[in-house]
Amino acid sequence: MTSRRPDSFEGLGYRGREDPSFSGGYSGRSFNNSSGSDLQHWVTTPPDIPGSRNLHFDDRTPQFETAPAPPGAADEAQSATPPSEQLNRFAGFGIGLASLFTENVLAHPCIVFRRQCQVNYHARCYHLSPLTSISVMYNVTKTQGPKALWKGMGSTFVVQGVTLGTEGIISECTPLPRELSHKWNPKQVVGHLVLKGLTYVVAMPFYSASLIETVQSEIIRDNPGILDCVKEGIGRVMGMGVPHSKRLLPLLNLVFPTVLHGVLHYVISSSVQRLVLYLLQRRNNGSPKHSSPDSQTNAVQSMLDAYFPELMASFAASLCADVLLFPLETVLHRLHIQGTRTIIDNTDLGFEVLPINTQYEGMRDCINSIRREEGTMGFYKGFGSIVVQYSLHAAVLQITKMIYSTLLRNT
């Protein structure tokens, strides 16, 4: 690691009051029973550390050659700041918050119904269209109440917290890199993917408990607490807690499909996000800049170009990863739910409940059984809910963009 100490700083060399460049900005001070010469070796200026005061390498701290600003100048400068700059400070936060709210809250009913369709091997209706998905979701809400499609939302946040915490702890205790720099090498990429895989292994039992909470029917479901996901996950690791049937697969049999799905989802989403962000930035930089008398329109467009490319790249990345890995996710959810004595809603009509009584021996047997009994489209049960989910997300992004543009023009 390169030292951040500049060449001109020797650690013990202090500049006293005899330095004219230093004495220009400070007036003398008197102390009782002490002369100025006795205190010269205590007078010092802070070193020029790159990174402080927004300095860069080879920059030097100004030696206070300018006269101090008159009182009240800071207040006048603050009052002279245009309101649009104050609005821009909160623009990125507001837009990102709207996107996160859509991904984790508004889209949760679609995630619940999608998982129920994936684990329902009895279903005759595959819900490949968003219209049939919306119809059954409405029936479930009408029969069981609004809470029927919002169940398990707290456990999903717990799983995300466990994943982030585990990744941070492992990266601090091991040399595995948590992020990749621009100048990466194959060794760093492999270490980064190993870190992701270990994180998914640790979070696997909690993900399984969260999956059960999201697909369990509201009719026979108790009101679990937020931390029940953690308790159920630890109980499954220790072999304690709610009794399961003999068809329950050991956690070791779930490691490979869980890590495979998690790592592939991360690789696909990261690659697509960087590609889309690169294309959007290249298009914005390559577009001709016409000098228009309407400077307000140009300012609005520049602000939109600063915030929305990352959101659009993240949106496209999640969409591509979820669509490409939908068959693997169906297999993964069926393996996790097997033997847990879970009762789900009947996704054909939405008025009944059904038990899950599968007998898969592993990942390969699950793939062969789905292909043989349900056909190739059996891997895509509930695909219409993904269409609804990302259509809703795109609508929220567009509405947020329109509101933001209107606020900027009015300001």
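T132 pairs by the side chain to side chain contact (heavy atoms under 4.5 Å, CB included) definition with H127, S129, not counting sequence neighbours. Shown here are the salt bridge (Lys or Arg N to Asp or Glu O under 4.0 Å) partners of E213, two or more places apart in sequence or in another chain: there are none. Partners of S369 according to the side chain to side chain contact (heavy atoms under 4.5 Å, CB included) rule, which considers only residues two or more places apart in sequence or in another chain, are Y360, D365, R372. Applying the side chain to side chain contact (heavy atoms under 4.5 Å, CB included) rule to V331 yields the partners L335, M363, C366, I367, I370, F379; only residues at least two apart in sequence or on another chain are considered. In this structure, the side-chain hydrogen bond (donor to acceptor under 3.5 Å, both in side chains) partners of T342, at least two apart in sequence or on a different chain, are T340. Residues forming a side chain to side chain contact (heavy atoms under 4.5 Å, CB included) with V263 (at least two apart in sequence, or on another chain): L193, Y200, V259, V267. Remark: D322 engages no residue in a salt bridge (Lys or Arg N to Asp or Glu O under 4.0 Å) (not counting sequence neighbours). Here E352 pairs with N346 under the side-chain hydrogen bond (donor to acceptor under 3.5 Å, both in side chains) rule; sequence neighbours left out. Contacts of K142 classified as salt bridge (Lys or Arg N to Asp or Glu O under 4.0 Å), with partners at least two apart in sequence or in another chain: none. With sequence neighbours left out, the salt bridge (Lys or Arg N to Asp or Glu O under 4.0 Å) criterion links E103 to no other residue.
We find that E329 and R114 are joined by a salt bridge, their nearest charged nitrogen and carboxylate oxygen being less than 4.0 Å apart.
For the atom pair L251 CG and S208 OG, the distance stands at 7.5 Å (nearest 0.5 Å). Expressed to the nearest 0.5 Å, how far NE2 of H336 lies from OH of Y207 amounts to 6.5 Å. Interatomic distance, Y138 OH to I134 CD1, rounded to the nearest 0.5 Å: 13.0 Å. Residue Q144 holds its CD atom at 4.0 Å from CD1 of I219, rounded to the nearest 0.5 Å. Rounding to the nearest 0.5 Å places OG1 of T358 at 3.5 Å from CD of Q338. The structure places SG of C320 at 9.5 Å from CZ of F315, a figure rounded to the nearest 0.5 Å.
Summarising the geometry of S133 relative to S385, their closest heavy-atom pair is OG-N, 3.6 Å, with the distance given to 0.1 Å. Shown here for G233 and A209, the closest heavy-atom pair between the two residues is N-CB, 4.1 Å. Of all non-hydrogen atoms in V215 and I344, the two that sit nearest each other are O-CG2, 3.3 Å. Considering every non-hydrogen atom in both P130 and V388, the closest pair reads CB-CG2, 3.5 Å. Among all heavy-atom pairs drawn from L249 and R236, the shortest one is O-NH2, 3.4 Å. Taking all atoms of both residues into account, the shortest heavy-atom contact from S269 to A317 is O-CB, 3.0 Å.
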Worked verdict on L275 versus V272 for side chain to side chain contact (heavy atoms under 4.5 Å, CB included): CA-CA 5 Å; L275 176 61; V272 173; 5.7 Å; no

Chi angles and distances behind the side chain to side chain contact (heavy atoms under 4.5 Å, CB included) call for Y380, T330: CA-CA 7 Å; Y380 292 91; T330 300; over 6 Å; no

Test log, rule side chain to side chain contact (heavy atoms under 4.5 Å, CB included), inputs E232 and I212: CA-CA 10 Å; E232 294 294 335; I212 295 174; over 6 Å; no

Verdict with supporting geometry, L325 and I268, side chain to side chain contact (heavy atoms under 4.5 Å, CB included): CA-CA 9 Å; L325 297 179; I268 294 174; 4.2 Å; yes

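Taking a 6.0 Å sphere around OH of Y278, one finds it holds 12 or fewer heavy atoms contributed by other residues, nucleotides or ligands. Remark: Q160 CD is packed, more than 12 non-hydrogen atoms of other residues, nucleotides or ligands lying under 6.0 Å away.
When side chains are defined from C-beta on, T347 does not count as touching K381, because their heavy atoms never get closer than 4.5 Å. Between V159 and C229, some side-chain heavy-atom pair lies under the 4.5 Å cut-off. Between V201 and T258, the closest side-chain pair of non-hydrogen atoms is not below 4.5 Å. E310 has its side chain out of reach of Q273: every pair of non-hydrogen atoms, C-beta onward, lies at least 4.5 Å apart. Between F206 and S155 the shortest side-chain heavy-atom distance does not fall below 4.5 Å. L211 is listed as a side-chain neighbour of I337, based on a closest heavy-atom distance under 4.5 Å.
Not one N or O on the side chain of D348 forms a donor-acceptor pair closer than 3.5 Å with the backbone of A123. One N or O on the side chain of Y126 and one on the backbone of E374 form a donor-acceptor pair closer than 3.5 Å. Although no hydrogens or angles enter the test, the distance criterion places a donor-acceptor pair under 3.5 Å between the side chain of H192 and the main chain of P177. A distance-only check finds a donor-acceptor pair linking the side chain of T199 to the backbone of L195 [under 3.5 Å]. No side-chain donor-acceptor contact under 3.5 Å links S135 to the backbone of L131.
Sorted by first and then second residue, the side-chain hydrogen bond (donor to acceptor under 3.5 Å, both in side chains) pairs with a member in residues 165-178 read E167-K196; sequence neighbours excluded.
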Donor-acceptor pairs under 3.5 angstrom involving side-chain atoms of residues 105-113: please list them, not counting sequence neighbours.
residue: H108; atom: NE2; partner: K151; partner atom: O; Å: 2.8
residue: H108; atom: NE2; partner: M153; partner atom: N; Å: 3.4

